[in-house]
Amino acid sequence: MSTNTILLLLLSLGIAFAISFYQYFYKAKSKSKVTLLLAFLRFFTVFGLLILLINPIISRKTIETIKTPLPIVIDNSASIKDLKADKSAMEVFDKLKDNSALADKFDVQTYQFDQDFLPSDTIDFKGKQSNVDAVAKNLKNIYKNQHFPTVLISDGNQTSGEDYVFGFNPENKVYPIAVGDTTTYLDLKVAQLNVNKYAFHKNKFPVEVFLNYSGTKTINATFKISQGNTLLNEQTVAFSPTKKSATLNVLLPADKVGLQILKATITSKEQEKNTYNNTKNFAVEVIDQKTEVALISAFPHPDLGAIKRAIETNAQRKVTILKPNEIKSLTNYNVLILYQPTAEFKSIFEQNANAKINTWIITGNDTDFYFLNQNQSSFSFKMSGQKEDYLASFDSQFNLFALDNIGFEQFPPLENSFGTITAKGNVNTLLSSTIHNIATNQPLLAFTENQGIRSAFLFGENIWKWRAENYVSKKSFTDFDIFLDKIIQYLASNNARKSLVVNHERFYNSGEGIEITAQYFNKNYELDERARLTIAVTNTKTKQVKNYDLLRATNAFQANLDGLAAGNYTFTVKELNSNSAYSSSFEVLDFDIEKQFVNPDWNKLNQLATQTQGKAFLPNQVDSLIKQLLADESYKAVQKTIVKKSPLIDWIWLLILIALSLTTEWFVRKYNGLL
């Protein structure tokens, strides 16, 4: 307390004493015990009120020492045990976290990581993935704006996430400890295999294979691709100390329809420490036909080339540009794109009345809308001769098929005749139109389905500008091409829309995420968010059945089936309220990415240390690491003086005591007839 406060308290004592003395003792005829009690109560009341006004504050000073944090992070992935480094890793980890000198200088905190970053509660080296980048991101969040070192106990082999070398803050030193045998062993490895998920029957599909070699001598290896007992491809690959990788491009025949499981293998006469990474299974689903698209236009236009190029980026599609009078039969086509129909298209509409081929109609400035009103029943057009520019607005509630907003609002406007477009039936709008940022409440891109026949309508020409704008903004046509591909995929299917739609892959690699999504639609083809979906998964070999509930996600329900062992599975998704069901199958391929390594990645860990101005160590050098951390003068503890101020007396209790004092004084005076 300050000197002024103490003086005020002394003055308050004097005032309280003076008032009580004047009221009960000055000129008093008797000085009984009752008078003494009343005087004390009056003294306490006055003194309490004055203390409330003064509100004396007591200050307490405490000194707190803040140490520099020292996170010690250990790799808990299965690759540590596969490299027989689990024992040495735990010895290093225990030695660091139990070191008393480090504990005196640093705030030692321990963590573990595999696919996730967690506290080091249970370390069992059973993690299915190694994500070192997760360590970098989490440490940045935990120790924001702090200067601290990090000790990373790992083999440096990352199987998921971004490149961790540049993920750590370069201003905070990282000291990696590379666990595992750094001796170079001879090892052949199928590092990566790229193949399309789909191939076409009676065609050939490409397989790109990346092979790696680790060793000190020249060898010849044999690479094979087989299916069951059938050898599909075999070739010899030479490796040497200067040639440690090879890329092979193989064309394989797609002779059978359906899911085809294949195996790529590399072997040699030399003995290897790890042969698990010599083999990689992969799968291809062979489809029995392409989608033939007829793009029909009476005149040339830049849109035609843009549409053809975008659709044909998918090898399943083939687009033929034709004039209306060149088509004698529609039987060879799966989808018709009618570009700005006029009276010349009359024969096309007449033929399609019997062929019932799904159609995409694109209108523009040269479209004959009177002709369209007579030859289709989805929309009614009342158009003028005036041209208008229409901008796009994406409808996020569109659910005929999954599609992200690729920036439609930023695309150039499409040109079409000005007028009114009225839907005659149930229409699903993907893009609505705006004029000068004013909504017209009319569709720009819409879809209809009538008796199993699907139609798409785009009301505007110059879609080629959209593809060009997509390339300018993202340096790639990919987003736009996928957008058109999904429209063609929707139109290429002649199946009537089902109430229960399930999306899944036909094969998964073990250890990877296995996710199955589903959508349930009511009788109005509206997404039913109250649906109750379950899935039963059966292992065809063991007959073991696992049941899951599908949880609500954005515009879909999903089930996560991670952890399934390699094998074949059948499954059934059922909607409990309507008993709608969908059954199919998938295969989990035998693949453990954590068993692909024979050595720690010393070069990568050393690069990380150099990037952060730290230093890489081996397990037998842990004492040197401890000495370096203790000798580093840039990590000093900081002392902070903390001043805590609190009232001398809690004002609530003081008010209660004052009230009790006044009440007691009144009752005593009343009892003794002094009022």
Which of these passes ring pair (Phe, Tyr, Trp, His ring centres under 6.0 Å) with Phe483: Phe394, Phe408, Phe477? Phe408
If you look only at distance, which donor and acceptor atoms sit under 3.5 Å apart when one is on a side chain in residues 410-423 and the other is two or more places apart or in another chain?
from	atom 1	to	atom 2	distance (Å)
Glu415	OE1	Asn365	ND2	2.7
Asn416	OD1	Thr363	OG1	3.2
Asn416	OD1	Gly364	N	3.4

Hey, which of Ile311, Leu491, Asn334, Asp485 is the one that makes side chain to side chain contact (heavy atoms under 4.5 Å, CB included) with Thr291? Asn334
Apply side chain to side chain donor-acceptor pair (under 3.5 Å) to Gln351 and list each qualifying residue two or more places apart in sequence or on a separate chain. none
Qualifying residues under side chain to side chain donor-acceptor pair (under 3.5 Å), relative to Ser77, sequence neighbours excluded: Asp75, Ser79, Ser130, Glu594
Residues in side chain to side chain donor-acceptor pair (under 3.5 Å) with Gln129, at least two apart? Thr159
Could you tell me whether the side chain of Tyr490 reaches within less than 4.5 Å of the side chain of Glu449, counting heavy atoms only? yes
Okay, side chain of His436, backbone of Ile438: is any donor-acceptor separation there less than 3.5 Å? no
Gap separating the CG atom of Leu430 from the OG atom of Ser393, nearest 0.5 angstrom: 10.5 Å
Would Asp549 and Arg532 satisfy salt bridge (charged side-chain N to carboxylate O under 4.0 Å, His left out), going step by step from the backbone distance to the final call? CA-CA 8 Å; Asp549 289 327; Arg532 297 168 56 208; over 6 Å; no
Short side-chain to backbone donor-acceptor contact, Glu575 and Ser580, under 3.5 Å: no
Do the side chain of Asn358 and the main chain of Ile453 share a donor and acceptor less than 3.5 angstrom apart? no
Using a strict threshold of under 4.0 Å (side-chain N to carboxylate O), is an ion pair present between Asp114 and Lys126? no
With sequence neighbours left out, what residues match Thr440 under side-chain contact (heavy atoms from CB on, under 4.5 Å)? Ser433, Ile435, Gln442
Only one of Lys486, Lys474, Arg467 clears salt bridge (charged side-chain N to carboxylate O under 4.0 Å, His left out) with Asp481; which? Arg467
Between Asn352 (side chain) and Ile357 (backbone), is there a donor-acceptor pair under 3.5 Å? yes
Salt bridge Glu312-Lys308, side-chain N to carboxylate O under 4.0 Å: yes
What is the distance from atom NZ of Lys382 to atom OH of Tyr370, rounded to the nearest 0.5 Å? 14.5 Å
Donor-acceptor pair, side chain of Asn196 and main chain of Tyr198, under 3.5 angstrom: no
Any donor-acceptor N/O pair, Glu208 side chain to Asn194 backbone, under 3.5 Å: no
Keeping Glu162 on the side-chain end and Phe166 on the backbone end, is there a donor-acceptor pair under 3.5 Å? no
Residues 249-260, side-chain donor-acceptor partners within the protein, below 3.5 Å, at least two apart:
from	atom 1	to	atom 2	distance (Å)
Gln260	OE1	Gln227	NE2	2.7
Gln260	NE2	Lys256	O	3.3
Gln260	NE2	Gly258	O	3.3

Could you tell me whether the side chain of Gln376 and the main chain of Leu372 form a donor-acceptor pair under 3.5 Å? yes
What one should report as the nearest heavy-atom pair of Asn76 and Thr122 is ND2-O, 4.2 Å
I want to check something: taking the side chain as every heavy atom from C-beta on, are Ile307 and Val319 in contact at a cut-off of under 4.5 Å? no
Are Asn405 and Phe398 side-chain neighbours, meaning at least one heavy-atom pair lies under 4.5 Å? no
